[in-house]
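So the structure is just underneath, and the comments pick up after that.
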Amino acid sequence: MQQEVIIVGGGMVGLSLALMLAKAKIGVKLLEAIKYPNYDDANLAPYHSSFDARNSALSRRTVQIYQELGLWDALQEHATPILEVNITEQGSFGKARLKADQEKVESFGQVIENAWLGRVLLTEVKKQSLIELIDGVQVTSLTQDADHAYIEAQRGEEQLKLQAKIVIAADGRDSFCRKALGIGASVHDYDQVAIVTTVQTSKPHNHVGFERFSHLGPLALLPLPGEYHRSVVWPVAKGTEGEWLGDENDQHFLNALQETYGDRAGKFQKTGKRFSFPLSQVLAEKQAVGRVVLMGNAAHTIHPVAGQGFNLCMRDAHVLLRYLTQQVSNNADLGDAAMLLDYEKSRLTDQQRVIKFCDSVVRGFSNSNPLLKFIRNTGLVAFDTIPGVKPLVANYAMGLKA
């Protein structure tokens, strides 16, 4: 059966884009390598390789996209707004603070556990007659000619041969599709591993998100549903993660959090299971070749320090949707190579700005040189005091100036 669009990769970006296309009355065949979990219990969201222990800070622009899809009410049940952001460096004088009421916005964004985001998205995808979902399938070949793109895949003993006008490759950092097309990628290993978990604190979070730069790594503490429940993302040096993982290290981990954060959150009372994820920057040299376009981490995987990766991908997806719906309106080819190159060009400024910013923050705060430390803390003070800077930065962070 021929579909207008094939999406390879059914993670959060692939599912979201499939829903955007279905709403625009464009048929989708969505391929995912891993079998999705069964959601037998309405109160649980089992982990899946794409919906794991991590959390996402959804920017205001991403929230708007989910509102357009009619999904926000369901997502809001599991999300917590960020009303204030504090940025500090351990043992230094610099401090910057952003407050939603001062910037005249409802919130800077919403924090949601990826497991719940994935559950809501997958549940909605399964309701859509225009989306054919095939999980547990391994793509083995991607080719194209002047008229179509072709996918060969294996599901158990079954051989699948598919064709479409366009293939959207959202199959992750190590994208098979990117390699099949011969697209190179620049890779920078940060020599860091992100420790991810949730914690309970004695003080309520009051919807405040913290970014604390420490000698161990940049620690993010974000509010979650339940006023004493917080998300932790802590990039640490690769090779040191062993001391933070495992039930036997619970108190050791809580003590390190306490030492790094002081009493701002009160006492760190309880930690969930810790998970670790290697951190690297992977940037595809091209994002559109013929009838295939790269999306999500297949196009650009970036450091999570500012929580911008998923939001950038959602802006990419929304812009691609606009190009594809225009092709439908014009009764034109959805996989037109020139159109896809125009899409790629239209996204470069936003992508390069976010990629450069995240990389600069990691490199800048990883240097312990006293002069650089003084300069960056002076910068935090300037950010906090110079008129007109905060609204500009806030709008970029919320994805409203992309």
Side-chain angles (χ1 to χ4, degrees), residues 1-22 26-36 48-51 122 125-126 128 130-187 280 282-301 313 316-317 320-321 323-324 327 332-341 343-344:
M1 177 181 178
Q2 181 175 326
Q3 300 283 323
E4 290 288 357
V5 177
I6 293 174
I7 299 177
V8 179
M12 298 188 304
V13 175
L15 290 171
S16 298
L17 181 54
L19 289 169
M20 294 180 204
L21 293 169
I26 299 174
V28 180
K29 188 183 289 288
L30 180 60
L31 310 182
E32 165 59 24
I34 307 298
K35 289 289 293 183
Y36 287 114
H48 172 266
S49 64
S50 297
F51 324 135
L122 183 59
V125 161
K126 288 181 175 179
Q128 303 297 320
L130 285 174
I131 302 175
E132 183 180 353
L133 185 62
I134 306 174
D135 62 352
V137 60
Q138 297 291 329
V139 174
T140 57
S141 172
L142 168 61
T143 57
Q144 54 183 323
D145 59 25
D147 299 313
H148 294 97
Y150 304 92
I151 291 280
E152 292 184 12
Q154 186 88 22
R155 183 172 60 175
E157 299 300 317
E158 183 183 8
Q159 296 272 354
L160 301 178
K161 293 190 176 183
L162 314 169
Q163 68 179 48
K165 288 293 186 181
I166 178 174
V167 167
I168 300 170
D171 53 342
R173 179 179 64 180
D174 300 317
S175 170
F176 170 88
C177 294
R178 186 181 68 221
K179 296 170 184 175
L181 291 171
I183 298 176
S186 63
V187 179
S280 61
V282 182
L283 307 177
E285 294 173 357
K286 299 177 183 178
Q287 295 176 49
V289 174
R291 296 181 168 277
V292 183
V293 61
L294 303 183
M295 188 64 49
N297 285 340
H300 40 70
T301 301
C313 295
D316 290 343
L320 179 61
L321 173 72
Y323 275 83
L324 295 180
Q327 292 294 99
D333 184 354
L334 279 180
D336 180 73
M339 178 271 295
L340 293 178
L341 288 174
Y343 153 76
E344 179 183 14

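Values below: all heavy atoms of this structure, side chains included; hydrogens, waters and symmetry mates excluded.
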Does Lys165 form a salt bridge (charged side-chain N to carboxylate O under 4.0 Å, His left out) with Glu4? I'd like the steps, not just the answer. CA-CA 6 Å; Lys165 288 293 186 181; Glu4 290 288 357; over 6 Å; no
Could you go through the side-chain contact (heavy atoms from CB on, under 4.5 Å) check for Val13 and Asn297 one step at a time? CA-CA 9 Å; Val13 175; Asn297 285 340; over 6 Å; no
Main-chain N/O of [Y] paired to [X] side chain as donor or acceptor, under 3.5 Å:
X      : Y      : result
Gln128 : Leu130 : no
Gln327 : Asp333 : yes
Glu32  : Gly10  : yes

Do you know which two heavy atoms are closest between [X] and [Y], and how far apart they sit?
X      : Y      : value
His300 : Cys313 : CE1-SG, 3.7 Å
Arg155 : Gly136 : CG-O, 3.4 Å
Lys29  : Glu132 : NZ-OE1, 2.7 Å
Gln287 : Ala299 : OE1-CB, 3.8 Å
Leu30  : Ala18  : CD2-CB, 4.2 Å
Tyr150 : Gln163 : CE2-OE1, 3.4 Å

Output every pair passing salt bridge (Lys or Arg N to Asp or Glu O under 4.0 Å) with a member in residues 137-150, not counting sequence neighbours, ordered by first then second residue.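 Non-adjacent pairs meeting salt bridge (Lys or Arg N to Asp or Glu O under 4.0 Å): zero.
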side-chain contact (heavy atoms from CB on, under 4.5 Å) for Leu142 and Val292? Distances and angles first, verdict last. CA-CA 9 Å; Leu142 168 61; Val292 183; 4.2 Å; yes
If you measure from [atom1] on [X] to [atom2] on [Y], what distance do you get to the nearest 0.5 Å?
X      : Y      : atom1 : atom2 : answer
Ile6   : His148 : CD1   : NE2   : 10.0 Å
Glu285 : Leu294 : CD    : CG    : 11.0 Å
Lys126 : Ile131 : NZ    : CD1   : 12.0 Å
Ser16  : Leu321 : OG    : CG    : 11.5 Å
Leu15  : Met20  : CG    : CE    : 11.0 Å
Tyr36  : Leu133 : OH    : CG    : 5.0 Å

Would you tabulate the side-chain donor-acceptor contacts of residues 175-187 under 3.5 Å, counting partners in other chains and residues two or more places apart, or write 'none'?
{"unit_1": "Ser175", "atom_1": "OG", "unit_2": "Asp171", "atom_2": "OD1", "d": "2.6"}
{"unit_1": "Ser175", "atom_1": "OG", "unit_2": "Asp171", "atom_2": "OD2", "d": "3.3"}
{"unit_1": "Ser175", "atom_1": "OG", "unit_2": "Cys177", "atom_2": "N", "d": "3.3"}
{"unit_1": "Ser175", "atom_1": "OG", "unit_2": "Arg178", "atom_2": "N", "d": "2.9"}
{"unit_1": "Arg178", "atom_1": "NH1", "unit_2": "Arg173", "atom_2": "O", "d": "3.1"}
{"unit_1": "Arg178", "atom_1": "NH1", "unit_2": "Ala298", "atom_2": "O", "d": "3.0"}
{"unit_1": "Arg178", "atom_1": "NH2", "unit_2": "Arg173", "atom_2": "O", "d": "2.8"}

Only one of Thr140, Leu31, Thr143 passes side chain to side chain contact (heavy atoms under 4.5 Å, CB included) with Ile151; say which it is.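 When Thr140, Leu31, Thr143 are each tested with Ile151, the side chain to side chain contact (heavy atoms under 4.5 Å, CB included) holds only for Leu31.
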Go through the steps to decide whether Asp316 and Tyr343 satisfy the test side-chain contact (heavy atoms from CB on, under 4.5 Å), and finish with yes or no. CA-CA 9 Å; Asp316 290 343; Tyr343 153 76; 3.3 Å; yes
Can you tell if the side chain of [X] reaches within under 4.5 Å of the side chain of [Y], non-hydrogen atoms only?
X      : Y      : answer
Gln144 : Val167 : no
Leu160 : Ile134 : yes
Ile26  : Leu334 : yes
Leu17  : Leu19  : no

Any chance you could lay out the side-chain hydrogen bond (donor to acceptor under 3.5 Å, both in side chains) test for Glu152 and Gln159, step after step, and finish with the verdict? CA-CA 7 Å; Glu152 292 184 12; Gln159 296 272 354; over 6 Å; no
Would you sort out whether Val293 and Ile166 count as a side-chain contact (heavy atoms from CB on, under 4.5 Å), showing the intermediate values? CA-CA 8 Å; Val293 61; Ile166 178 174; 4.3 Å; yes
